[in-house]
Amino acid sequence: MPPTYSPIETEERWSRFWEEGEFFTASVAHDDVRPTYTLVMPPPNVTGTLHIGHACRTTFEDVLVRRKRMQGFNTLWVPGTDHAGIATQVVVERQLKREGLTRHDLGRERFIKRIWEWKEQSGGAILKQIQRLGGSCDRSRERFTMEPDLSYAVQEAFIRLYNEGLIYRDTRLVNWDVESRTVLSDLEVETEQQVSGELFDFAYPIEGEEGELVVSTTRPETMLGDTAVAIHPEDPRYLHLHGKYVRHPFLDRSIPIVTDAILVDPEFGTGAVKVTPAHDWNDFETGKRHGLPQINLLNPDGTLNEEAGEFQGMDRFEARKAVKARLEAIGLARGSTKHMMTLPRSQRSGTIVEPIISTQWFVRMEPLAAPAIEAVENGTIQIVPEDWQKTYFHWMRNIHNWCISRQLWWGHPIPAWYCKKCEQVHVAASPPQTCTACGNDEFVQDEDVLDTWFSSALWPFSTLGWPNTESRELKRFYPTADLETGYDILFFWVARMIMMGLHFTGQVPFKRVLLAGLVTDERGEKMSKVKGNVIDPIDVIQGASIESILAKAKQAGAKDSALKYLKKTYPDGLATHGADALRMALMSYAPGSRRIALSIKRIETYRNFTNKLWNASRFSLMNLEGTGTQSTGSPPVNPEVLVNRWILARLATVIEGVTQGLDEYRGDEASSAVYHFLWDEFCDWYLELTKPLLASDRREIAVETRQTLMHVLETTLRLLHPMMPFITEEIWQRIDKTEAPTSICLAPYPVAAVEGRADPEAVREMEHLKSFVVKTRTIRAEHDLPNSRSIDVYWHTPEAQVARVLEEQQALIERLTGATIHRVKTPEELQHHTAAATFVLEPLRGVVPDVVDSERERERLGRELKRVEKDLAIVSKKLGNPSFIDRAPAEVVQKERTRLATLTEQRAKLSSAIAALPA
RNA sequence: GGGCGGGUAGCUCAGUGGUAGAGCGUCGGCCUUACAAGCCGAACGUCGCAGGUUCGACCCCUGUCCCGCCCACCA
């Protein structure tokens, strides 16, 4: 074994081994009676590349799955990819653009073919990368949302919902993305917060008389579609205008003045509001209240149509300027003011979304939401962390109907057929023979496709075979157990899966929702390619030069400032850390935090940890090799040696800690427990202490120690395996075992009562030993006593147990401290050694004579005295408070009393020690 | 406008009604034959601010100031 662990080759080797050995394939065999554990993977975009968010998902999910597998569950982790409708289509359109083409040049059929080609070329790569991270998903059950089975499920779901009256077609105001030329659901519209905009005022002349009515708008071009001006019915300024009209300045239209108490706030602006029913949410409602005409101004691409008169053909923003200029020119502009506003933007294209009137397909959500709310209320589905429940309820209780049709080409076709003659809609898998309305036999299919999240909503059961209720997978593995994902898709995905799952299967799709925070960069900023703060997990794992990082960022369209940031942050590129280190680092973040500000430093910490584990194993195996020691899976029956008893007790504790941490989905606690056990206890103490024992003349001591060492190492590997699968497999395979499965991933997960041994006495005794050693080392360090110089330590304790331990372990202590230690019979004897460093480790005290006196010693004692006095003041005050004595629990009071005594004594010791120092 | 989360050591973050923790960084000492990606020590915090509850508050309550996010049709 080389002294430094090299993860890359090792990880690739075991990745292959696991795949070839089919260790992760779930069983549907009739005679397999193991309980099942099912998890579905949030399907990444089929043509996407792995980013740190996927690494996060993979890690959390893989830890869950690997542990369950080791605990004997028939485990199924369903991998798959999403066709990601709009996202994928946008990418391919961009490719075409580079060739000087648009999708319309190709036509629908060829364009879709082109996407399929791109999918074949790049698809699945992401799942390979997930495997590279150690993801132990069942590749034999990989799914894709557009494959035939799942497309069938989508079609079936649509038809059923339609027949149940839960899907309907409606003409109303919707969000329009002029760049992608499709409608969007409310969720796909993001609001850009608080941008400073302009509120532009202009006047409408009153028709047939003198005077004008001044209105304000942030979108002046919409005045071309105004069909009313609204005022508050009780506004005294405008009582004389009730029932009158204004004149449109450039279009040949009279516009009614209506009164509307809902729309108009008389306090705001002039108290008069222009009404554009076809392009504004409030105005649409207002229009309905007053029966106003709706004038659509926009073409699908965001240019103005024939309704715009002289402005026809202009882009919406161009038209905005032109309309303003025109109003200025004819003297109707009335100035403008700065105005803070929020802009709606398309999640995908980033363009400003326009409300337009359009006919689309919708899902009626309230009936679906009710049972989904109930499932969380009554605990059938648990949301972890619980805080998210409130958010879930809030959204579900105010749910809007879901617009599911998209004017895209890449996606599931809508199983709706229109009669060519009478336009009657028929929803079915295939067109009917004859139209039920007019008897005609010619139909045309709806040209739209479904929102990509519609198929995602079915994912937990469509991947298992639904709507075939006889599917072996569906019967055995549904409902699934946990659903792990980022909170950003709680509404997009999780809520909709719950609704659809309950509706179509009558069961919850999963019992628990585990929501994790979003990975951000070290500054806490959201990662984005343009910002250039994206860390490629593969680079973190394998290492990358700054040149290649910059090249990649450039290709992804990062700005210059982003490149500068990268250069500054990673001047030497990225070192090789390995997948295990990345996984541990991700695990170490508390799940409650909403952002995971991943830092390279943190990953380095765990890279160092893998190396520590590697070397501890190297040392252990070196000492075990050739001794015939075999790992049996259980500890020595009656260990005699204190350090062996101690480490087995600590092992029990760490198993409990890790188990509890993982049970509570606290990866941070689990990883921290095993980290500190391995490093601070196993390496720093146990391995050091075993060195003399392994070389002991007494054979039984050496044998017991080897067995313990072997056992603790082997158990720790199993304990750690879900978090760090690769290195644990690598070392585990080198261990000589009596009997074991072919991979650690199938070995039993440790149980405290089996692998460990509770032994509070040994733990106590080791604490005495450790604090004695640490104190002696501290004295050495503080008095500049190098290890090469031997020192004497005199100690005394009235307690027999402590005395016994120190005497029994004298050799070990002397070895670790380089001191010669002497027990003295009475406390007075300690006084004989003057000009000395003294120490108190209740109930033990000691003296190190002959240490060099120095100013440093005076300073040190002075500092300590100050601290003691400060504590003393706090404790005295506390004990001087009668209420404290009365009300606080007896143990607490007693503890404080003891502490007071100790501190008082310490103060006396320190004072006299200072006094005894030569001037 | 509503809701949620956060403000703890120089940095990144854990944490509990009863003497404040980790990693990194800093300082000092070590090449002690598993590991210098290491070993041995040390220093560093009136736990955002102000009130309140309590014998006791970093923790509970109220207010307040910052930061981040989500939802919402204010022209």
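Chain A is the first sequence line, chain B the second, and so forth, proteins listed ahead of strands; every chain is numbered from 1. Because only heavy atoms are used, hydrogens play no part in the values below, and waters and symmetry mates are left out as well, while side chains stay in.
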Span that lies between the C1' atom of C74(B) and that of G6(B), in whole angstrom: 30 Å
Rounded distance (Å) that lies between atom P of C4(B) and atom CZ of F393(A): 14 Å
Aromatic plane relationship, F682(A) with Y686(A) - under 30° parallel, 30 to 60° tilted, over 60° perpendicular: parallel
P atoms of A9(B) and G52(B), separation to the nearest Å: 26 Å
Sugar-phosphate, base or nothing in reach of R815(A), heavy atoms under 4.0 Å: nothing
Nearest-Å distance once atom P is located in both C60(B) and U8(B): 16 Å
A22(B) versus C39(B) - spacing of their P atoms, nearest Å: 15 Å
Between A72(B) (C1') and I399(A) (CD1): distance, integer Å: 16 Å
Along RNA chain B (nearest heavy atom to each residue), the more 5'-positioned of D186(A) and L263(A): D186(A)
Sugar-phosphate, base or nothing in reach of T391(A), heavy atoms under 4.0 Å: nothing
Between R602(A) and S588(A), a side-chain donor and acceptor under 3.5 Å: yes
Summary of protein contacts for nucleotides 35-40 of chain B, nucleotide by nucleotide, where a base hit scores B, a sugar-phosphate-only hit scores S (4.0 Å, heavy atoms): B-BSSS
Euclidean distance, atom CG of residue L343(A) to atom C1' of C71(B) [Å, nearest integer]: 17 Å
Gap between atom CG of L613(A) and atom CZ of R618(A) - 0.5 Å precision: 12.5 Å
Residues K274(A) and T276(A): side-chain donor-acceptor under 3.5 angstrom: yes
Under-4.0 Å side-chain N/O to phosphate OP1/OP2 contact, R595(A) with C13(B): yes
C1' atoms of G56(B) and C13(B), separation to the nearest Å: 28 Å
Bracket string, RNA chain B, 5' to 3' - pairs by Watson-Crick or G-U geometry under 3.5 Å, | interstrand: ((((((((.[[[[.)..(..]]]].(((((.......))))).....[[[[[..)....]]]]])))))))....
Whole-Å distance separating the CG atom of L586(A) from the P atom of G23(B): 19 Å
Neighbour count above 12 (heavy atom, 6.0 Å) for H394(A) NE2: no
Near-ring test Y392(A)/F491(A), centroid separation under 6.0 angstrom: no
Between E730(A) and T10(A): side-chain donor-acceptor atoms closer than 3.5 Å: no
Residue R666(A), side-chain heavy atoms: nucleotide from G15(B), A22(B), A42(B) that is nearest: G15(B)
Exercise: do Y675(A) and D680(A) side chains pair donor with acceptor under 3.5 Å: no
Sugar-phosphate only, base, or nothing, as touched by L173(A) at under 4.0 Å among non-hydrogen atoms: nothing
Nearest-neighbour nucleotide for the T605(A) side chain, U12(B), C24(B), G5(B) considered: C24(B)
Donor + acceptor pair across side chains of S672(A), E669(A) (<3.5 Å): no
Sugar-phosphate only, base, or nothing, as touched by K878(A) at under 4.0 Å among non-hydrogen atoms: sugar-phosphate
Salt bridge E782(A)-R777(A), side-chain N to carboxylate O under 4.0 Å: no
Euclidean distance, atom CG of residue L624(A) to atom P of A34(B) [Å, nearest integer]: 14 Å
Phosphate-side-chain proximity, S593(A) and A14(B), N/O vs OP1/OP2 below 4.0 Å: yes
N881(A) side chain, from C-beta outward: closest of G15(B), C55(B), G5(B): C55(B)
P spacing across the pair U62(B) / G45(B), given as an integer number of angstrom: 32 Å
Whole angstrom value for the distance that separates C1' of G23(B) from NE2 of H676(A): 8 Å
Candidate nucleotides A34(B), A42(B), G5(B), ranked by approach to the side chain of M622(A) - the nearest: A34(B)
Nearest-nucleotide comparison on RNA chain B, the residue closer to the 5′ end among S617(A) and R887(A): S617(A)
Options C13(B), C24(B), G18(B), nucleotide nearest the side-chain atoms of K601(A): C24(B)
Side-chain donor or acceptor of T605(A) paired with backbone N/O of K601(A) under 3.5 Å: yes
Separation of the P atoms in U46(B) and C58(B), to the nearest angstrom: 13 Å
Interatomic distance, N175(A) CG vs A72(B) C1' [rounded to whole Å]: 13 Å
Enclosure of K895(A) NZ (heavy-atom neighbours >12, cutoff 6.0 Å): no
Touch class at under 4.0 angstrom, heavy-atom based, for P882(A) against every strand present: nothing
Sugar-phosphate only, base, or nothing, as touched by L687(A) at under 4.0 Å among non-hydrogen atoms: base
E669(A) CD to A22(B) P, straight-line distance once rounded to whole Å: 16 Å
Distance, P atom - from U53(B) to C65(B), rounded to whole angstrom: 23 Å
